[in-house]
Amino acid sequence: MQKIATISLQPGMVIARNVFSTEGVLLLGTDTELNHLHIERLRQFGLTSIYIKNPFTDQMVDGDLIDTIPEVVREETRVQAVQAVHAAFQNISDTRQVDTKEFKRTAAFLTDEVIKNRGAMVHLTDIRSRDGYTFGHSVNVCVLSTLTGVKLGYNLLELRELALGALLHDTGKMLIPKEILVKPGPLTVEERKVMENHPDYGFDILRRQSEIPLISSHVALQHHEKFDGSGYTRSMGGLNIHHYARIVAIADVYDAITSDRPYKEGTLPYEAYEIMMSLANTHFDPVILRTFLSQIAIYPLDSIVRLNTGEIALVTKVISGLQTRPTLRVIIDANGHRQTEGAEIDLTKQLTTFIDKIFTPAEILELDANSA
Ligand SMILES: [Fe+2]
């Protein structure tokens, strides 16, 4: 299964997972082979990505198939959370009222599921629509942050405070004029200034809610601060930034750069990993960043990669902390011959073998057609 940006969809690709609209309506079911009409419809609905099947995984014969990718939270949980957050944020936007119960309920069930699946790696991030971007993003930041909190050894109370802060981090955006918030192009200097008020606006709304721990409100206030003090809105730095906010800052940027948008594909996990690492010490707390990145599959399960040996292989196993060295199964040998029972390569043992390319879903279809 691969996540693919809607702009890169091609007829003939097969859907790997039900596709829902932001309102939770089923648009297309699993196993549908896409045609031009379907693709047009998905774009009209504002969906930025969907999951498609990997033709190579389906044809493996030795039972070593990857049919389910272990996930941090189930798709149903995610859809439910996005809907709840959508409604609750809409309420803030319309009435300035915060439905604290709904946010706390959502943060709690997301936390519970992340704890239950502790140890799972992040292979796929969620799909979302153009209109639902902020809501899907909030849920994703919540999941990624909570997972990091679990790794850092937080207790349940701390995890819930962190999850709630993460879910609410962009609350202040509900007070930013829509034309700035959803502007497709780059912002002007003035617009940027308005946008940069959102941490203060969010804090101002949240700190009045007695049901919301003050520490969670501080996440909203501090999530754009940077470790070297060059962030906004208070230019705080280092350990003066609360550790919850240091976590959320990392999850926020990671999710933003890996997200597909209506006009462009998101950055692939291995590129995102490099970008994030280059920001250690300046933007991010390096210790928390290392913990965060240890749970991200740089080469997610079911990815297809090319090796320096010329072989093309499928990623079949990823271990936390050793994500640059997954276990692979050869699907096309160095002479271009398709393998149905190709050799297994454990990159943690074969130290002179390297991944030199990761194939995009469109390139995988081409490989399939050319080597069949
Ligand atoms: Fe933000």
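Atoms within each ligand, like the ligands themselves, are counted from 1 in listed order. Source: prediction; values computed, not measured.
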Can you tell me, to 10 degrees, how wide the angle at the Fe ion (ligand 1) is between NE2 on H198 and NE2 on H223?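 It rounds to 100°.
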
Are the charged groups of D31 and K53 less than 4.0 angstrom apart, N to O? yes

Could you measure the distance from the CG atom of L164 to the CD1 atom of I215? Nearest 0.5 Å is fine.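 Between L164 CG and I215 CD1, I get 12.0 Å after rounding to 0.5 Å.
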
Examine all N, O or S atoms of D170, backbone included, and report whether one is under 2.8 Å from the Fe ion (ligand 1). yes

Looking at the Fe ion (ligand 1), is there an N, O or S atom belonging to H169 that lies under 2.8 Å away from it? no

Please check if atom NZ in K183 has more than 12 non-hydrogen atoms from other residues, nucleotides or ligands closer than 6.0 Å.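 Yes, enclosed.
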
Just wondering, do R78 and L110 contact through their side chains at under 4.5 Å, heavy atoms? no

